[in-house]
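Both ligands and their constituent atoms are indexed starting at 1 by order of listing. Remember, predicted model here, so these are calculated numbers, not experimental data.
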Amino acid sequence: MNTSKTPITLLGLGDMGAALGRSWLAAGHPLTVWNRTPEKAGPLVAAGARAAGSAAEAVAAATGPVILCLLDDDSVGATLDGADLAGKDLINLTTGTPEQGRRRARWAEERGARFLDGGIMAVPPMIGVPESGGYILYSGDQALFERHREALEVPAGVNYVGSDAGHAALYDVALLSAMTAMFAGTTHAFALVDGEKEVDLSRFATLLAGWLGAMSGAAHGMAAQLESGDYTLGVHSNLAMMSAGNATFLDTSREQGVGPGLLTPFMDLMARRVAQGHGDEGLAGIVGLLREGAGRA
Ligand code: FVH
(Lines give C-alpha, C1' and ligand atoms only; values in the text may rest on other atoms or scores of the structure.)
Protein backbone atom coordinates (compact mmCIF):
# COMPACT_ATOMS: atom_id res chain seq x y z
CA MET A 1 0.00 0.00 0.00
CA ASN A 2 1.24 3.51 -0.85
CA THR A 3 1.60 5.11 2.60
CA SER A 4 2.42 8.57 1.20
CA LYS A 5 -1.32 8.98 0.56
CA THR A 6 -3.51 10.56 3.25
CA PRO A 7 -5.07 7.87 5.48
CA ILE A 8 -8.87 8.04 5.43
CA THR A 9 -11.29 6.97 8.14
CA LEU A 10 -14.77 6.32 6.77
CA LEU A 11 -17.85 5.91 8.97
CA GLY A 12 -20.90 4.61 7.10
CA LEU A 13 -20.83 1.96 4.40
CA GLY A 14 -24.24 2.25 2.76
CA ASP A 15 -24.42 2.47 -1.03
CA MET A 16 -22.70 5.85 -1.11
CA GLY A 17 -20.19 5.22 1.70
CA ALA A 18 -19.07 1.97 0.07
CA ALA A 19 -18.60 3.73 -3.29
CA LEU A 20 -16.49 6.44 -1.61
CA GLY A 21 -14.42 3.77 0.14
CA ARG A 22 -13.76 1.86 -3.09
CA SER A 23 -12.54 5.04 -4.79
CA TRP A 24 -10.04 5.84 -2.02
CA LEU A 25 -8.75 2.29 -1.94
CA ALA A 26 -8.37 2.25 -5.73
CA ALA A 27 -6.35 5.49 -5.48
CA GLY A 28 -4.01 3.91 -2.89
CA HIS A 29 -5.24 5.68 0.27
CA PRO A 30 -4.97 3.64 3.47
CA LEU A 31 -8.60 3.20 4.57
CA THR A 32 -10.10 2.41 7.96
CA VAL A 33 -13.84 1.73 7.92
CA TRP A 34 -16.68 1.29 10.36
CA ASN A 35 -20.35 0.54 9.81
CA ARG A 36 -23.18 -0.06 12.28
CA THR A 37 -23.89 -3.37 10.52
CA PRO A 38 -20.32 -4.75 10.48
CA GLU A 39 -20.89 -7.27 7.63
CA LYS A 40 -21.04 -4.41 5.13
CA ALA A 41 -17.32 -3.79 5.68
CA GLY A 42 -16.49 -7.21 4.16
CA PRO A 43 -15.96 -6.23 0.50
CA LEU A 44 -13.81 -3.20 1.42
CA VAL A 45 -11.73 -5.25 3.88
CA ALA A 46 -11.22 -7.85 1.13
CA ALA A 47 -9.98 -5.00 -1.06
CA GLY A 48 -7.46 -3.82 1.56
CA ALA A 49 -9.32 -1.67 4.12
CA ARG A 50 -8.98 -2.14 7.88
CA ALA A 51 -12.23 -2.57 9.85
CA ALA A 52 -12.43 -0.79 13.21
CA GLY A 53 -14.34 -2.44 16.06
CA SER A 54 -16.30 0.71 16.89
CA ALA A 55 -16.76 4.24 15.60
CA ALA A 56 -14.98 5.60 18.69
CA GLU A 57 -12.01 3.31 18.03
CA ALA A 58 -11.89 4.35 14.36
CA VAL A 59 -11.90 8.05 15.34
CA ALA A 60 -9.27 7.55 18.05
CA ALA A 61 -6.90 5.91 15.55
CA ALA A 62 -7.50 8.50 12.81
CA THR A 63 -4.49 10.55 11.71
CA GLY A 64 -6.25 11.92 8.60
CA PRO A 65 -9.81 13.06 7.87
CA VAL A 66 -12.76 11.23 9.40
CA ILE A 67 -15.44 11.06 6.71
CA LEU A 68 -19.06 10.53 7.72
CA CYS A 69 -21.51 9.23 5.13
CA LEU A 70 -24.60 8.21 7.08
CA LEU A 71 -28.34 8.25 6.61
CA ASP A 72 -29.10 11.57 8.31
CA ASP A 73 -27.95 14.01 10.97
CA ASP A 74 -29.36 11.89 13.82
CA SER A 75 -27.22 8.95 12.72
CA VAL A 76 -24.16 11.23 12.75
CA GLY A 77 -24.90 12.12 16.39
CA ALA A 78 -25.51 8.47 17.29
CA THR A 79 -22.30 7.33 15.57
CA LEU A 80 -20.04 9.94 17.17
CA ASP A 81 -21.63 9.67 20.61
CA GLY A 82 -18.82 8.79 23.02
CA ALA A 83 -15.98 9.34 20.51
CA ASP A 84 -13.14 11.67 21.56
CA LEU A 85 -13.14 14.27 18.79
CA ALA A 86 -10.45 16.59 20.16
CA GLY A 87 -7.97 17.51 17.43
CA LYS A 88 -9.79 15.48 14.76
CA ASP A 89 -10.74 16.56 11.23
CA LEU A 90 -14.42 15.74 10.63
CA ILE A 91 -15.86 15.88 7.12
CA ASN A 92 -19.58 15.19 7.03
CA LEU A 93 -20.97 14.02 3.67
CA THR A 94 -24.35 13.09 5.17
CA THR A 95 -27.28 14.95 3.58
CA GLY A 96 -28.86 17.43 5.99
CA THR A 97 -30.45 20.85 6.21
CA PRO A 98 -28.39 24.09 6.31
CA GLU A 99 -29.25 24.54 9.99
CA GLN A 100 -28.18 20.97 10.80
CA GLY A 101 -24.86 21.71 9.07
CA ARG A 102 -24.33 24.85 11.18
CA ARG A 103 -25.36 23.11 14.41
CA ARG A 104 -23.09 20.15 13.67
CA ALA A 105 -20.18 22.56 13.03
CA ARG A 106 -20.72 24.26 16.42
CA TRP A 107 -21.12 20.84 18.07
CA ALA A 108 -17.82 19.63 16.57
CA GLU A 109 -15.98 22.83 17.53
CA GLU A 110 -17.23 22.54 21.13
CA ARG A 111 -15.58 19.09 21.19
CA GLY A 112 -12.28 20.42 19.80
CA ALA A 113 -12.69 19.09 16.26
CA ARG A 114 -12.32 20.88 12.93
CA PHE A 115 -15.41 20.53 10.72
CA LEU A 116 -16.37 20.68 7.08
CA ASP A 117 -19.85 19.91 5.79
CA GLY A 118 -20.51 18.43 2.37
CA GLY A 119 -23.29 17.72 -0.09
CA ILE A 120 -22.84 14.96 -2.65
CA MET A 121 -24.07 15.84 -6.14
CA ALA A 122 -23.68 12.33 -7.52
CA VAL A 123 -25.19 8.87 -7.28
CA PRO A 124 -22.95 5.93 -6.29
CA PRO A 125 -22.02 4.77 -9.84
CA MET A 126 -20.65 8.29 -10.54
CA ILE A 127 -18.17 8.09 -7.66
CA GLY A 128 -14.55 7.63 -8.79
CA VAL A 129 -15.58 8.33 -12.40
CA PRO A 130 -14.28 11.84 -13.22
CA GLU A 131 -16.09 12.02 -16.58
CA SER A 132 -19.48 11.41 -14.88
CA GLY A 133 -19.75 15.08 -13.94
CA GLY A 134 -20.48 14.29 -10.30
CA TYR A 135 -19.08 16.60 -7.65
CA ILE A 136 -19.21 17.27 -3.92
CA LEU A 137 -20.04 20.66 -2.39
CA TYR A 138 -18.10 21.68 0.71
CA SER A 139 -18.53 24.53 3.18
CA GLY A 140 -17.11 25.48 6.56
CA ASP A 141 -13.45 25.46 7.60
CA GLN A 142 -11.57 26.44 4.42
CA ALA A 143 -8.13 25.57 5.81
CA LEU A 144 -9.43 22.06 6.51
CA PHE A 145 -10.79 21.83 2.97
CA GLU A 146 -7.42 22.88 1.50
CA ARG A 147 -5.49 20.52 3.79
CA HIS A 148 -7.42 17.49 2.52
CA ARG A 149 -8.25 18.74 -0.96
CA GLU A 150 -6.13 16.13 -2.75
CA ALA A 151 -7.87 13.24 -0.97
CA LEU A 152 -11.29 14.87 -1.38
CA GLU A 153 -10.76 15.11 -5.14
CA VAL A 154 -10.47 11.31 -5.44
CA PRO A 155 -14.16 10.30 -5.33
CA ALA A 156 -15.55 13.30 -7.27
CA GLY A 157 -14.87 16.89 -8.25
CA VAL A 158 -14.85 19.37 -5.38
CA ASN A 159 -16.66 22.68 -5.07
CA TYR A 160 -16.01 24.81 -1.94
CA VAL A 161 -18.93 27.24 -1.49
CA GLY A 162 -17.92 29.28 1.55
CA SER A 163 -17.20 29.47 5.24
CA ASP A 164 -20.85 29.18 6.38
CA ALA A 165 -21.05 25.49 7.29
CA GLY A 166 -24.71 25.47 6.26
CA HIS A 167 -24.09 26.47 2.67
CA ALA A 168 -23.05 23.08 1.25
CA ALA A 169 -26.43 21.75 2.44
CA LEU A 170 -28.23 24.85 1.14
CA TYR A 171 -26.74 24.50 -2.36
CA ASP A 172 -27.27 20.72 -2.23
CA VAL A 173 -30.96 20.98 -1.35
CA ALA A 174 -31.55 23.87 -3.78
CA LEU A 175 -30.03 21.84 -6.63
CA LEU A 176 -31.96 18.72 -5.63
CA SER A 177 -35.17 20.78 -5.41
CA ALA A 178 -34.64 21.94 -9.01
CA MET A 179 -34.11 18.29 -9.96
CA THR A 180 -37.35 17.33 -8.19
CA ALA A 181 -39.33 19.85 -10.22
CA MET A 182 -37.61 18.61 -13.40
CA PHE A 183 -38.65 15.05 -12.53
CA ALA A 184 -42.21 16.28 -11.91
CA GLY A 185 -42.32 17.91 -15.34
CA THR A 186 -40.81 14.83 -16.97
CA THR A 187 -43.42 12.62 -15.28
CA HIS A 188 -46.25 14.84 -16.52
CA ALA A 189 -44.79 14.86 -20.05
CA PHE A 190 -44.63 11.06 -20.18
CA ALA A 191 -48.18 10.84 -18.79
CA LEU A 192 -49.35 12.94 -21.75
CA VAL A 193 -47.74 10.74 -24.41
CA ASP A 194 -47.67 7.27 -22.82
CA GLY A 195 -50.07 4.78 -24.42
CA GLU A 196 -50.65 7.02 -27.44
CA LYS A 197 -50.57 5.08 -30.73
CA GLU A 198 -47.49 5.79 -32.85
CA VAL A 199 -45.64 7.59 -30.07
CA ASP A 200 -42.14 6.15 -29.77
CA LEU A 201 -41.22 6.71 -26.12
CA SER A 202 -37.46 6.36 -26.71
CA ARG A 203 -37.57 8.98 -29.43
CA PHE A 204 -39.68 11.20 -27.19
CA ALA A 205 -37.13 10.78 -24.39
CA THR A 206 -34.36 11.99 -26.72
CA LEU A 207 -36.43 15.06 -27.61
CA LEU A 208 -37.26 15.68 -23.96
CA ALA A 209 -33.66 15.41 -22.72
CA GLY A 210 -32.46 17.73 -25.49
CA TRP A 211 -35.20 20.26 -24.74
CA LEU A 212 -34.48 20.32 -21.00
CA GLY A 213 -30.78 20.82 -21.76
CA ALA A 214 -31.54 23.65 -24.20
CA MET A 215 -33.77 25.43 -21.65
CA SER A 216 -31.41 25.03 -18.69
CA GLY A 217 -29.66 28.30 -19.63
CA ALA A 218 -32.75 30.09 -18.25
CA ALA A 219 -31.05 29.77 -14.83
CA HIS A 220 -28.46 32.38 -15.89
CA GLY A 221 -31.19 34.78 -17.02
CA MET A 222 -32.95 34.44 -13.65
CA ALA A 223 -29.70 35.05 -11.77
CA ALA A 224 -29.09 38.23 -13.81
CA GLN A 225 -32.63 39.46 -13.10
CA LEU A 226 -32.38 38.74 -9.37
CA GLU A 227 -28.92 40.35 -9.08
CA SER A 228 -30.04 43.51 -10.91
CA GLY A 229 -33.43 43.70 -9.16
CA ASP A 230 -34.94 44.24 -12.62
CA TYR A 231 -37.14 41.22 -13.26
CA THR A 232 -37.83 42.36 -16.83
CA LEU A 233 -34.12 42.28 -17.75
CA GLY A 234 -33.51 40.35 -21.00
CA VAL A 235 -37.02 38.84 -20.91
CA HIS A 236 -38.21 37.37 -24.18
CA SER A 237 -40.88 35.02 -22.78
CA ASN A 238 -42.72 37.03 -20.17
CA LEU A 239 -45.08 35.85 -17.45
CA ALA A 240 -48.19 37.20 -19.24
CA MET A 241 -47.39 35.15 -22.35
CA MET A 242 -46.47 32.03 -20.34
CA SER A 243 -49.54 32.33 -18.12
CA ALA A 244 -51.84 32.63 -21.15
CA GLY A 245 -50.14 29.54 -22.66
CA ASN A 246 -50.86 27.55 -19.52
CA ALA A 247 -54.52 27.29 -20.59
CA THR A 248 -53.39 25.19 -23.58
CA PHE A 249 -51.34 22.95 -21.29
CA LEU A 250 -54.39 22.39 -19.07
CA ASP A 251 -56.69 21.76 -22.05
CA THR A 252 -54.20 19.20 -23.40
CA SER A 253 -54.05 17.48 -20.00
CA ARG A 254 -57.84 17.27 -20.04
CA GLU A 255 -57.92 15.90 -23.61
CA GLN A 256 -55.38 13.24 -22.64
CA GLY A 257 -57.16 12.40 -19.39
CA VAL A 258 -54.09 13.36 -17.35
CA GLY A 259 -54.38 15.11 -13.99
CA PRO A 260 -52.66 18.52 -14.04
CA GLY A 261 -51.72 18.48 -10.33
CA LEU A 262 -47.97 18.50 -10.88
CA LEU A 263 -48.21 21.75 -12.86
CA THR A 264 -50.99 23.80 -11.31
CA PRO A 265 -49.21 25.15 -8.18
CA PHE A 266 -46.59 26.80 -10.38
CA MET A 267 -49.21 28.03 -12.85
CA ASP A 268 -51.21 29.57 -9.99
CA LEU A 269 -48.14 31.57 -8.93
CA MET A 270 -47.62 32.84 -12.47
CA ALA A 271 -51.25 33.95 -12.69
CA ARG A 272 -50.95 35.66 -9.31
CA ARG A 273 -47.88 37.64 -10.36
CA VAL A 274 -49.58 38.67 -13.62
CA ALA A 275 -52.68 39.75 -11.64
CA GLN A 276 -50.38 41.96 -9.53
CA GLY A 277 -49.51 43.84 -12.74
CA HIS A 278 -46.13 42.19 -13.42
CA GLY A 279 -46.89 40.31 -16.62
CA ASP A 280 -43.81 41.84 -18.27
CA GLU A 281 -41.47 40.07 -15.86
CA GLY A 282 -39.61 36.81 -16.26
CA LEU A 283 -39.67 33.95 -13.76
CA ALA A 284 -37.62 35.93 -11.24
CA GLY A 285 -40.91 37.60 -10.27
CA ILE A 286 -42.07 34.25 -8.89
CA VAL A 287 -38.94 34.02 -6.70
CA GLY A 288 -40.10 37.15 -4.90
CA LEU A 289 -43.57 35.68 -4.37
CA LEU A 290 -42.12 32.48 -2.90
CA ARG A 291 -39.80 34.40 -0.57
CA GLU A 292 -42.85 36.30 0.70
CA GLY A 293 -44.32 32.90 1.61
CA ALA A 294 -46.67 32.33 -1.34
CA GLY A 295 -47.57 28.66 -1.81
CA ARG A 296 -46.67 27.84 1.78
CA ALA A 297 -48.44 24.66 2.92
N1 FVH B 1 -27.32 6.97 -2.64
C2 FVH B 1 -27.60 8.08 -3.31
O3 FVH B 1 -27.95 8.06 -4.47
C4 FVH B 1 -27.50 9.45 -2.65
C5 FVH B 1 -26.76 10.42 -3.52
C6 FVH B 1 -26.60 11.79 -2.91
C7 FVH B 1 -26.14 11.72 -1.46
N8 FVH B 1 -26.92 10.76 -0.71
C9 FVH B 1 -26.71 10.84 0.75
O10 FVH B 1 -25.59 10.09 1.18
C11 FVH B 1 -25.83 9.61 2.51
C12 FVH B 1 -25.63 8.11 2.56
O13 FVH B 1 -26.43 7.53 1.55
P14 FVH B 1 -26.36 5.98 1.23
O15 FVH B 1 -26.79 5.83 -0.19
O16 FVH B 1 -25.07 5.41 1.61
O17 FVH B 1 -27.54 5.46 2.20
P18 FVH B 1 -27.80 3.99 2.73
O19 FVH B 1 -27.37 2.98 1.71
O20 FVH B 1 -29.24 3.97 3.15
O21 FVH B 1 -26.86 3.84 3.98
C22 FVH B 1 -27.12 4.52 5.19
C23 FVH B 1 -25.95 4.39 6.12
O24 FVH B 1 -26.25 5.04 7.37
C25 FVH B 1 -26.11 4.06 8.42
N26 FVH B 1 -27.01 4.39 9.51
C27 FVH B 1 -28.32 4.63 9.45
N28 FVH B 1 -28.80 4.93 10.66
C29 FVH B 1 -27.77 4.83 11.53
C30 FVH B 1 -27.63 5.03 12.92
N31 FVH B 1 -28.68 5.39 13.69
N32 FVH B 1 -26.42 4.89 13.48
C33 FVH B 1 -25.34 4.55 12.71
N34 FVH B 1 -25.40 4.34 11.38
C35 FVH B 1 -26.61 4.50 10.79
C36 FVH B 1 -26.38 2.74 7.77
O37 FVH B 1 -25.89 1.73 8.59
P38 FVH B 1 -26.43 0.21 8.45
O39 FVH B 1 -27.94 0.33 8.20
O40 FVH B 1 -25.72 -0.39 7.29
O41 FVH B 1 -26.13 -0.42 9.76
C42 FVH B 1 -25.63 2.92 6.45
O43 FVH B 1 -24.25 2.79 6.64
C44 FVH B 1 -27.27 10.01 2.87
O45 FVH B 1 -27.24 11.16 3.68
C46 FVH B 1 -27.89 10.31 1.51
O47 FVH B 1 -28.93 11.26 1.58
C48 FVH B 1 -26.92 9.40 -1.26
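- Using 4.0 Å as the threshold, Asp72 has no heavy atom nearer than that to any atom of ligand 1.
- Considering Glu110, Arg114, Arg111, Glu109 in turn, Arg111 is the only one that fulfils the side chain to side chain contact (heavy atoms under 4.5 Å, CB included) rule with Leu85.
- Residues satisfying the side-chain hydrogen bond (donor to acceptor under 3.5 Å, both in side chains) criterion with Glu196, sequence neighbours excluded, are Gln256.
- Near Thr37, with a cut-off below 4.0 Å to any heavy atom, the atoms of ligand 1 are 38 (P), 40 (O), 41 (O).
- A donor-acceptor contact closer than 3.5 angstrom is absent between the side chains of Asp280 and Asn238.
- The closest side-chain heavy-atom distance from Asp117 to Arg104 is not below 4.5 Å.
- In summary, Arg147 and Asp89 engage in a salt bridge, as defined by a charged side-chain N under 4.0 Å from a carboxylate O.
- Ligand 1 has no N or O atom lying under 3.5 Å from any N or O atom of Trp34, backbone or side chain.
- Counting heavy atoms closer than 4.0 Å to ligand 1, residue Met121 contributes nothing at all.
- Residue contacts with ligand 1, taken as heavy atom pairs separated by less than 4.0 Å, do not involve Asp74 at all.
- Exactly one of Ile136, Thr95, Thr94, Leu137 qualifies for a side chain to side chain contact (heavy atoms under 4.5 Å, CB included) with Ile120. That residue is Ile136.
- Looking at ligand 1, you'll find an N or O of Leu13 within less than 3.5 Å of one of its N or O atoms.
- Close N/O approach between Val123 and ligand 1 is not found [any backbone or side-chain N/O within under 3.5 Å].
- Only side-chain heavy atoms of Asn35 come within less than 4.0 Å of ligand 1; its backbone N, CA, C and O stay farther off.
- Only the backbone of Ala122 comes within contact range of ligand 1, with a heavy atom under 4.0 Å; no side-chain atom does.
- With Thr95, Leu71, Leu70, Thr94 as candidates, the residue nearest to atom 11 (C) of ligand 1 on a non-hydrogen basis is Leu70.
- Taking the six-membered ring wherever Trp is involved, the centroid distance between the rings of Tyr160 and Tyr138 does not fall below 6.0 Å.
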